[in-house]
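Encoded as structure tokens, the structure appears first; notes follow it.
As the structure is a prediction and not an experimental result, all values here were calculated from the model. In listed order, ligands and their atoms are each counted from 1.
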Amino acid sequence: MDRSTPVPTATPYGTLPPASPMASRKPISLPRLHDLRARGEKITMLTAYDATFAAVADAAGVECILVGDSLGMVCQGLSSTVGVTLETMRYHTESVVRGLHRVQGTAWVVADLPFGSYHESPEQAFRSASVLMQAGAHMVKLEGGGWTTDTVRFLVERGIPVCAHLGLTPQTVHALGGYRVQGRDEAAAQQLRRDALALQDAGAALMVLEMVPVAVSRDITEAMPRCHTIGIGAGNGTAGQVLVMHDMLGIHLGKNPKFVHNFMAEAGDVRAAMAAFVHAVKSGSFPDNALHAWA
Ligand code: KIV
């Protein structure tokens, strides 16, 4: 019998194809993300919370999968991300990572540290981050600037890659007074810039910029060669783009924010919709500043 040819096994319940013996693409790593930025190619990121969607996103060419605490809203039906626990994040991170292993996926997996899991001290953040890294994440994400800088440095020095998150930070939605654009006046924009540069100096390698005016996110991106901005509602001047998977597939319980585009409407199936997102980001057609961003 020829053992080099995998025998396709029928898998029930719409689960994943059997793992192929050889990965056809090289795994995404921090150096590869730096290379993308260096050659001016946009970085793509989508959220995923389970094995199958993660595998499909990977197959569609998405470079980074975010196990976002937005799962609290889209999977658990919570009214904000504040109620998401570390145990829930561990469970979903493990599911995503298992899905990727199953198909020899290559995506870089970022997992959100949930509210309350990193706020006390850098040591608490390290313990929480260890749970997500041991679940298979490659990087953890945490929200906020200023007070988080020491925590980011503490994690990076101990070998944990960190994605920062500035602008609209959903875990502090109650303090911010709602889901509003951040950094609109000059003082707030300057504060965002200072926070971003301090986080880059502390070693953050990626930074989500959410609901920030186009000029502010462009300026921050240009000022940070070592930390790559991933925008959501921040215009087309960032190093990459992220969307919540349910939003870009047109599955939502309320009204979508203006920065979302429904890629499913024209695509017909989930993999094609994700591939269309990748193509639109890389070609520069998404986001369109006139439609999906704020001046
Ligand atoms: O939790 C999440 O999905 C996020 C994205 C909105 C960037 O943080």
Any donor-acceptor N or O pair under 3.5 Å, side chains Q191, R194: yes

Backbone of I230 reached by a side-chain donor or acceptor of T238 within 3.5 Å: no

Interfacing atoms of ligand 1 (cut-off 4.0 Å, heavy-atom, G68): 1 (O), 2 (C), 3 (O)

Atoms in ligand 1 flagged as close to H165, the criterion being non-hydrogen separation under 4.0 Å: 8 (O)

Proximity of D69 to ligand 1 by residue part, where a heavy atom lies under 4.0 Å: both

H292 and H261 aromatic ring geometry - parallel, tilted or perpendicular at 30°/60° bounds: perpendicular

4.5 Å side-chain heavy-atom contact, P170 and H165: yes

Atoms of ligand 1 close to K141 [distance to a heavy atom under 4.0 angstrom, numbered from 1]: 4 (C), 8 (O)

Closest approach of any protein heavy atom to atom 5 (C) of ligand 1, naming residue and atom: L66 CD2, 3.8 Å

Residue list, side-chain contact (heavy atoms from CB on, under 4.5 Å) with P213, at least two apart or on another chain: V181, R184, V216

Region of T81 that comes within reach of ligand 1 [heavy atoms, distance under 4.0 Å]: neither

Top protein contact for atom 3 (O) of ligand 1, by heavy-atom distance: S70 OG, 2.5 Å

For V74, side-chain contact (heavy atoms from CB on, under 4.5 Å) partners two or more places apart: Y49, V244, H246

Atoms of ligand 1, numbered as shown, that sit under 4.0 Å from any heavy atom of D112: 1 (O), 2 (C), 8 (O)

Per-atom contacts, ligand 1 versus T47 - under 4.0 Å to a heavy atom: 3 (O)

Note, D69 side chain near F115 side chain (heavy atom, < 4.5 Å): no

